[in-house]
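These numbers were taken from a predicted model, which means no experiment stands behind them. The chains referred to below are lettered A, B, ... by the order of the sequence lines, with proteins before strands, and numbering in each begins at 1.
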2 protein chains.
Amino acid sequence: MIELDSTHDPALQSWVTNANNHPDFPIQNLPLGVFAPLNGERRAGVAIGDHILDLAACAVHGLLAGDALRAAQAAQGGTLNALLALGARPRRALRLALVGILARGSAAEPQAEALLHDAGACTLHLPALIGDYTDFYAGLHHAMAVGKLFRPDAPLLPNYKYVPIGYHGRASSVVPSGVPFRRPSGQRKPAGQAEPDFGPCRNLDYELELGIWIGPGNEPGAPIPIGSACEHIAGFCLLNDWSARDVQAWEYQPLGPFLGKSFATTISPWIVTPEALAPFRIAQAARPEGDPRPLPYLWDDADQQAGALNLVLEVLLLTPRMREAGDEPHRLSRGNARDAYWTVSQLVAHHSSNGCNLRPGDLFGSGTLSGPTPDSLGSLLELTESGRKPLALPNGETRRFLEDGDEILFRARAEAPGAASIGFGSCRAVVLPN
Amino acid sequence: MIELDSTHDPALQSWVTNANNHPDFPIQNLPLGVFAPLNGERRAGVAIGDHILDLAACAVHGLLAGDALRAAQAAQGGTLNALLALGARPRRALRLALVGILARGSAAEPQAEALLHDAGACTLHLPALIGDYTDFYAGLHHAMAVGKLFRPDAPLLPNYKYVPIGYHGRASSVVPSGVPFRRPSGQRKPAGQAEPDFGPCRNLDYELELGIWIGPGNEPGAPIPIGSACEHIAGFCLLNDWSARDVQAWEYQPLGPFLGKSFATTISPWIVTPEALAPFRIAQAARPEGDPRPLPYLWDDADQQAGALNLVLEVLLLTPRMREAGDEPHRLSRGNARDAYWTVSQLVAHHSSNGCNLRPGDLFGSGTLSGPTPDSLGSLLELTESGRKPLALPNGETRRFLEDGDEILFRARAEAPGAASIGFGSCRAVVLPN
């Protein structure tokens with residue numbers, strides 16, 4: 001069972017302006033990140049309402065002690081890798097200390113107030129140097145839907161329900177929310193065309209995923225057992241696995257996705273900790289009755305009882321015309337992280353089961369988190385059946401795939417009885433012309 | 001045309017003991033690496049015979065100036081990433097300066113002699129922090145042979161002759177020569193078995209590849225044109241893409257190799273520069289007559305005329321019984337890097353063609369470099385037809401795949417008229433029991 005403590009209490013309030021009832025960052029969240037004030041250096045921070053508290057400054061000004069101080073001191077040099085490497089205890093101590101500093105009535109308020117930055121005036125960077133980025137395929141409904149498009153006769157391959165399918169992704173092109181990217185070029189070979197040609201991607205898509213940050217990790221040759229996998233999960237983010245469908249379709253056999261994915265991956269820059277997400281953990285129930293039981297190296301009773309996350313995930317689209325008209329972004333779908341076929345602990349145990357070493361700051365993508373209903377499909381490939389059924393937008397526009405100037409936004413919302421609800425912040429990017 | 005200079009002259013001799021006629025590291029080679037003397041810190045060095053010259057010490061002692069000094073000064077902190085980032089000019093200047101220091105008759109001999117380390121007493125480390133590791137599939141004969149085993153009806157997929165097929169590999173488990181690794185466990189599903197099980201890999205294999213180190217690289221969204229791709233190639237190494245064939249066969253669809261490869265990749269630790277390899281560049285001739293002409297973004301006349309490497313590559317096996325008996329390693333095959341279907345410049349241009357940013361210290365694998373003849377197959381998968389035809393070793397042992405305690409060694413040898421021949425040094429590792 002997950003133990004909740006006073007840090008999850010919805011009655012807990014902060015003295016920071018706008019923090020209480022903030023959709024993403026009330027005092028019950030306290031995600032970790034790396035920011036830079038205008039003309040300032042990169043530094044570690046924690047999001048609180050519309051502000052960012054400077055962690056290193058908290059340490060310097062004597063607001064932290066013990067394990068919490070150790071955690072803040074590790075978060076130096078503009079990346080959180082060394083903090084992630086410390087594991088859960090110092091991270092929890094830091095959370096408790098930060099609640100003590102930021103809660104209404106704290107004696108530290110006058111000192112801490114001077115260490116707050118207006119988030120809107122800061123640049124958010126990647127929170128860690130990503131050693132390796134691995135993208136999984138844990139969305140069963142996505143795998144089924146995509147499988148139907150690519151292999152109508154065998155949508156789900158025989159290994160899917162045994163192996164947490166994944167592939168190595170490109171670490172260099174993972175960027176934080178807000179960084180636009182250029183529409184990629186690539187080889188395409190449309191049906192009916194005898195030979196491929198090279199040019200701008202015509203079927204540009206997004207994929208709604210959860211990102212997972214790895215903590216301490218393992219030495220080569222020493223797999224992480226499923227029972228202790230959660231100790232290596234340092235936090236979560238939103239992840240957009242941008243995909244050039246026409247490039248992907250032509251290139252992906254036999255070695256998997258490559259240039260169809262490697263041009264950009266956008267993540268929300270705040271690391272939402274396992275502690276903040278504790279109230280939203282639920283039993284793993286995405287495995288249909290009658291499916292094969294996972295092999296022993298992937299099975300843990302405690303993980304099955306509380307290894308899934310009840311986290312609502314939304315995709316929104318803002319087209320240039322909508323932007324000009326001042327329209328709100330239009331919601332394309334709403335899914336839930338609980339629909340993942342494999343828990344995050346299963347992904348960690350599987351990834352290291354061959355002795356592969358995971359390192360602090362490694363990033364996993366969950367795979368596209370589509371749900372079973374038409375309004376919960378996490379990519380345009382699924383929503384438009386590979387472009388055959390264009391989407392109609394409220395302003396009369398239609399979309400098969402993404403057009404230049406389109407912006408995709410992801411939002412997360414965690415809600416549970418007896419806990420303050422939290423979010424993940426922004427995961428958005430605009431498609432620039434080729 | 002490649003311009004050779006006096007640094008390639010076979011008559012050029014060094015004052016360093018054993019350097020002249022050294023099979024790998026005569027003065028005409030001068031590969032760059034990172035080493036640590038006993039109880040010393042990691043530092044940049046250059047191999048000369050059985051010795052290593054300390055680069056930073058050369059800079060401190062005033063043996064270098066100008067661009068060469070700049071290059072040596074960049075090689076700080078125990079990685080060569082910043083040196084690779086500088087590109088060709090400083091690297092060439094460093095080569096010329098080092099020849100000046102190490103050539104017989106050099107006035108710098110007395111000073112430089114004190115900066116030499118006995119290579120046998122040093123530990124060799126990875127020469128750079130590998131941001132991303134990409135493994136290509138440029139060996140046509142390998143792709144044909146493996147394709148026949150997995151898909152007898154369609155050995156070569158329709159995209160092979162248009163797309164330089166590749167996939168993202170695992171950077172964390174790339175290790176330098178000499179580091180043993182544990183036999184991986186994984187899911188296997190042998191033919192005839194209804195469900196997979198989990199256990200030690202039964203079909204452990206090697207793959208003979210050339211490694212390519214990336215130099216300056218590109219910004220996101222700014223592809224590297226084929227005509228300037230060679231400016232981004234910083235050097236070469238040998239690369240063993242260890243492969244768990246049973247794990248790979250069960251997991252690889254639809255997203256490609258993952259845990260079947262990610263447990264270990266061994267490389268030779270010296271970066272052999274394009275300058276050292278200039279005499280061995282030849283016209284690209286691995287593309288059979290009648291094959292489709294590469295698309296324009298992959299075509300460059302100069303690259304076609306001199307973009308292939310005439311480099312003999314050998315695989316040797318040393319079993320525990322051979323080791324005990326004092327036998328020499330047994331040669332399993334001999335291939336040549338010129339059999340790659342794509343040039344290295346084509347790999348660089350393709351990889352960045354979608355805007356994916358390459359970074360200094362990125363590593364490419366060429367793909368298995370098998371030749372057209374049975375004695376030139378670069379993996380046991382090919383040599384034993386997936387274990388069906390065991391190899392007979394001279395001492396009476398047989399091998400389907402690798403046994404515990406087996407050691408695989410790669411060797412490279414470059415020879416050309418009018419040039420001193422050079423090698424790459426050691427790329428070897430022992431399989432430890434699971």
Side-chain angles (χ1 to χ4, degrees), chain A residues 131-135 137 147 150-151 157-159 162-163 165-173 175 181-182 184-187 189 195-198 201 220-221 223 244 247 250-260 262-264 292 295-297 350-351 353-359 362 432, chain B residues 131-135 137 147 150-151 157-159 162-163 165-173 175 181-182 184-187 189 195-198 201 220-221 223 244 247 250-260 262-264 292 295-297 350-351 353-359 362 432:
Chain A
D132 278 286
Y133 158 49
T134 301
D135 197 20
Y137 198 51
F150 282 82
R151 297 171 301 275
L157 292 168
N159 57 11
Y162 295 94
V163 180
I165 296 290
Y167 67 99
H168 308 294
R170 179 80 191 174
S172 75
S173 54
V175 291
F181 67 92
R182 206 169 291 281
S185 286
Q187 285 194 34
K189 186 174 173 298
E195 299 216 332
D197 56 17
F198 180 87
C201 165
V247 177
W250 172 235
E251 76 167 359
Y252 93 103
Q253 285 188 311
L255 301 185
F258 183 40
L259 301 192
S262 65
F263 54 94
L295 291 173
Y297 81 102
H350 181 65
H351 202 318
S353 66
N354 67 344
C356 176
N357 52 321
L358 306 181
R359 296 179 294 189
D362 282 353
L432 301 177
Chain B
D132 279 285
Y133 158 50
T134 300
D135 197 20
Y137 198 52
F150 283 82
R151 297 170 301 275
L157 293 168
N159 56 11
Y162 296 94
V163 181
I165 296 289
Y167 67 100
H168 308 295
R170 180 79 191 176
S172 74
S173 54
V175 290
F181 67 92
R182 206 170 290 281
S185 286
Q187 286 194 34
K189 188 175 170 296
E195 300 215 329
D197 56 18
F198 180 86
C201 165
V247 177
W250 172 235
E251 76 167 1
Y252 92 104
Q253 284 186 312
L255 300 186
F258 182 40
L259 301 193
S262 65
F263 54 94
L295 292 173
Y297 81 102
H350 181 65
H351 202 318
S353 66
N354 66 344
C356 176
N357 52 320
L358 306 182
R359 297 179 294 188
D362 282 353
L432 301 177

With a 4.5 Å heavy-atom cut-off, do A:His168 and B:Asp132 have their side chains touching?
no
Mind ranking A:Gly355, A:Gly221, A:Gly260 by heavy-atom pairs under 4.5 Å with chain B and telling me who comes out on top?
A:Gly221
In terms of heavy-atom proximity below 4.5 Å to chain A, should B:Leu259 be classed as side chain, backbone, both, or neither?
both
Under 4.5 Å heavy-atom distance to chain A, tell me which part of B:Leu432 shows up: side chain, backbone, both or neither.
neither
Please examine the side chains of B:Gln253 and A:Arg151, heavy atoms only from C-beta on, and report whether any two atoms are closer than 4.5 Å.
no
Note: vs chain B, highest number of non-hydrogen pairs under 4.5 angstrom among A:Gly186, A:Ala244, A:Pro296, A:Ala171 is A:Ala171
Does any heavy atom of chain B fall under 4.5 Å from the side chain of A:Asp197, the backbone, both, or neither of them?
backbone
Can you name the residues that form a side-chain contact (heavy atoms from CB on, under 4.5 Å) with A:Arg182, not counting sequence neighbours?
none
Between A:Tyr297 and chain B, with a heavy-atom cut-off of 4.5 Å, which part of the residue counts as in contact: side chain, backbone, both or neither?
side chain
With only heavy atoms counted, which part of B:Leu157 is less than 4.5 Å from chain A, the side chain, the backbone, both or neither?
side chain
Which atoms of A:Pro196 are under 4.5 Å from chain B, going by heavy atoms: the side chain, the backbone, both sets, or neither?
both
Interface residue of largest heavy-atom contact number with chain B, from A:Gly147, A:Ser353, A:Gly131, A:Pro292, under 4.5 Å:
A:Ser353
Contact leader toward chain B among A:Tyr252, A:Trp250, A:Phe263, where contacts are heavy-atom pairs under 4.5 Å:
A:Trp250
